Each structure stands twice: as structure tokens, then as C-alpha cells.
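This report concerns only the one structure given below.
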Amino acid sequence: MIQTTQITKSFGSLQVLKGIDLSISKGEVVSIVGPSGAGKTTLLQIIGTLDRPDTGTVCVDGIDTTTLSQKQLSDFRNKHLAFVFQFHQLLPEFTAIENIMIPAYIAGRPNREAKARAEELLQFMGLSDRAQHKPAELSGGEKQRVAVARALVNNPAVILADEPSGSLDSKNKQELHQLFFDLRDKFGQTFVIVTHDEQLATLTDRTIHMRDGLLEERGESC
């Protein structure tokens with residue numbers, strides 16, 4: 001599902017990634033852990049096509065994304081990838097269901113189809129009764145579940161999460177962590193999660209440790 005080969009990335013004179021070989025299978029829930037400055041978020045952004053590597057290749061769902069133009073990358077992200085961040089980044093002027101539907105509109109899906117999918121996800125999240133509430137009317141845990149539903153609305157192959165439970169209390173953290181596995185079991189997505197949360201890391205199918213721009217675990221090439 002995801003394979004990177006000898007990914008390097010520098011910012012000025014600072015080399016952040018020093019040759020990353022990584023292989024992640026379809027349906028895996030994988031955590032990437034390591035100290036601050038190890039390059040975890042940079043790697044996640046490159047896998048998610050938000051940034052390009054200086055050298056190397058990135059294959060996601062059978063496509064070498066390093067060969068795509070900016071427009072092709074934008075289309076690819078919308079159809080194949082989704083992101084969950086530490087802070088939900090919901091648009092405050094829209095209701096929960098409207099926030100979920102936005103990526104579907106960007107993909108050109110009909111309103112009826114987008115709404116039906118959003119309603120299905122809200123029901124799965126246990127938030128059907130919150131569909132018409134705006135973010136200011138939702139709890140922190142509810143906002144993050146809406147953000148996860150938004151990530152899922154286009155049926156992406158890969159969910160990329162950067163410290164997704166970092167702003168939540170213990171109860172909501174546990175619920176969000178369990179949600180990732182429930183979603184994998186129901187919809188079959190692959191999850192790549194950058195986290196400092198040791199509890200979440202121990203729950204994932206595989207934990208990849210990163211230090212000084214290198215992985216302790218090596219993957220296969222495309």
C-alpha cells in the first residue's frame with residue numbers, strides 16, 4: 001500500500017530525512033514514534049504528498065507520487081488520502097455534517113451521495129444527533145470524531161494522522177484510539193499515525209521508531 005525508497009529531505013543545511021525505506025501493507029495500523037526533531041512529521045507530509053522529497057520515490061496505492069504534477073497530486077490526495085491533525089480544523093461556520101461533506105464536494109460527488117455518506121459516518125461515530133451542531137457546540141472528542149469522519153467521506157485508501165489525540169483528555173483519547181481500529185475493521189483503510197502517545201503506539205499493529213532522520217525498521221523498494 002505504501003512504499004518509500006531512499007527518501008531524503010533537507011531544509012537549508014539541515015538534513016531531516018537521511019534515506020528512508022519503509023513498507024506498509026494494506027489495512028495496517030502503524031505508529032511512527034521518536035523524539036522531537038526526528039523527522040516524523042516531515043515523513044508523514046511526504047507520504048501524504050504535502051511535500052516532495054529531495055530524492056527517492058514514494059508509492060501509495062500502486063502510484064509513484066513523485067512523478068505526478070501539482071494538479072495530479074491534488075487530485076490524488078482528494079481521492080486516495082486523508083488527514084487527521086492534533087487540532088480538528090473544522091470550519092466554524094458550518095455544521096458537523098457540512099464539514100464532513102466538504103471533501104466530497106471538492107471531489108465533485110453529487111449532494112445526495114455526499115450527504116448519505118456523511119450520515120452513515122455520523123451514525124458510525126455515534127454522532128447522528130449532533131449533525132446540525134456547529135463546532136462551537138461540540139465537545140473536544142466530538143470535534144475530533146467529526147474530523148475523522150470528514151477524512152473518511154471519500155473512502156480514502158490511507159489515513160495519515162499527526163498526533164491525533166494530542167489535545168484530548170484520557171477518556172476521549174481511549175475512544176479515539178479504539179475508533180481507528182473499528183474503522184480499519186469496517187472500511188479497510190490503512191492508518192499511519194505519528195504520535196508521542198505510548199498507549200496508542202502499543203496498540204497499533206506495528207510501531208516504527210525514528211531517530212535523527214532514520215528508521216530503525218527498513219522496508220522494501222517499490
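Along the sequence shown, residues are numbered consecutively beginning with 1. Just so we're clear, the structure is a prediction, and the values are computed from it rather than from any experiment.
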If you take all heavy atoms of [X] and [Y], which pair is closest and at what distance?
X    : Y    : answer
I32  : L43  : CD1-CD2, 4.1 Å
A118 : I97  : CB-CG1, 3.7 Å
I100 : A149 : CD1-CB, 3.6 Å
P156 : A82  : CG-CB, 3.6 Å
H209 : V33  : ND1-CG2, 3.2 Å
P103 : N78  : O-ND2, 3.5 Å

[X] versus [Y]: any side-chain heavy-atom pair under 4.5 Å?
X    : Y    : value
T4   : I7   : yes
L138 : R145 : no
K9   : D51  : yes
I24  : L22  : yes
S23  : Q3   : yes
I159 : I193 : no

Does any N or O in the side chain of [X] come within less than 3.5 Å of the main-chain N or O of [Y], such that one atom is a donor and the other an acceptor?
X    : Y    : result
S139 : E142 : yes
S10  : G12  : no
S25  : E28  : no
T65  : V58  : yes
R150 : F83  : no
D205 : V29  : yes

Which distance, rounded to the nearest 0.5 Å, do you find between the [atom1] of [X] and the [atom2] of [Y]?
X    : Y    : atom1 : atom2 : answer
I20  : I46  : CD1   : CD1   : 9.0 Å
M101 : L121 : CE    : CG    : 11.5 Å
L90  : N99  : CG    : CG    : 4.5 Å
H80  : M1   : NE2   : CE    : 10.0 Å
L160 : F191 : CG    : CZ    : 10.0 Å
Q144 : F85  : CD    : CZ    : 10.5 Å

Answer yes when [X] and [Y] have at least one side-chain N-carboxylate O distance shorter than 4.0 Å, and no when they do not.
X    : Y   : result
K26  : D61 : no
D212 : K18 : no
K134 : E93 : no

### Residue that, paired with T49, satisfies side-chain hydrogen bond (donor to acceptor under 3.5 Å, both in side chains) out of R77, Q72, Q70
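One option only clears the test, and that one is R77.
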
### Task
Establish, yes or no, whether a centroid distance under 6.0 Å links the rings of F187 and F124.
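Yes, the ring of F187 comes within the 6.0 Å limit of the ring of F124, centre to centre.
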
Do you see a donor-acceptor pair shorter than 3.5 Å between the side chains of [X] and [Y]?
X    : Y    : value
R109 : N154 : yes
E98  : T95  : yes
T57  : T66  : no
T195 : S31  : no

### Task
State whether the number of non-hydrogen atoms from other residues, nucleotides or ligands found under 6.0 Å of Q123 atom CD is greater than 12.
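Not more than 12 within 6.0 Å, no.
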
### Task
Apply side-chain hydrogen bond (donor to acceptor under 3.5 Å, both in side chains) to the pair T5 and D21, showing each step before the final yes or no.
CA-CA 5 Å; T5 306; D21 292 334; 4.9 Å; no

### Query
Please walk me through it: do L203 and F180 pass side-chain contact (heavy atoms from CB on, under 4.5 Å)?
CA-CA 10 Å; L203 292 173; F180 290 147; over 6 Å; no

### Task
Walk me through it: do Q6 and T8 pass the test side-chain contact (heavy atoms from CB on, under 4.5 Å)?
CA-CA 6 Å; Q6 284 298 294; T8 67; 5.6 Å; no

#### Entry: Verify same cluster id: L122, I102 (apolar side-chain graph, 4.5 Å)
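Per the 4.5 Å side-chain linkage, L122 and I102 are not co-clustered.
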
### Message
Please tell me whether V148 and F181 are part of a single hydrophobic cluster in this structure, the criterion being side-chain heavy atoms less than 4.5 Å apart.
### Response
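Shared cluster, yes.
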
### Query
What's the verdict on side-chain contact (heavy atoms from CB on, under 4.5 Å) for R112 and R117, showing C-alpha distance, side-chain angles and the deciding distance?
CA-CA 9 Å; R112 180 179 297 181; R117 174 62 172 164; over 6 Å; no

### Query
Is K79 close enough and on-axis enough to F76, meaning under 6.0 Å and within 45°, for cation-pi?
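Negative - K79 is either too far from the ring of F76 or too far off its axis.
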
### Partners passing ring-ring contact (aromatic ring centres under 6.0 Å, His included) against F94 (at least two apart in sequence or in another chain)
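Partners of F94 by the ring-ring contact (aromatic ring centres under 6.0 Å, His included) criterion come out as none, since no residue qualifies.
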
### Task
Decide yes or no on side-chain contact (heavy atoms from CB on, under 4.5 Å) for K40 and H196, but give the supporting numbers first.
CA-CA 10 Å; K40 304 182 301 297; H196 284 101; 3.9 Å; yes

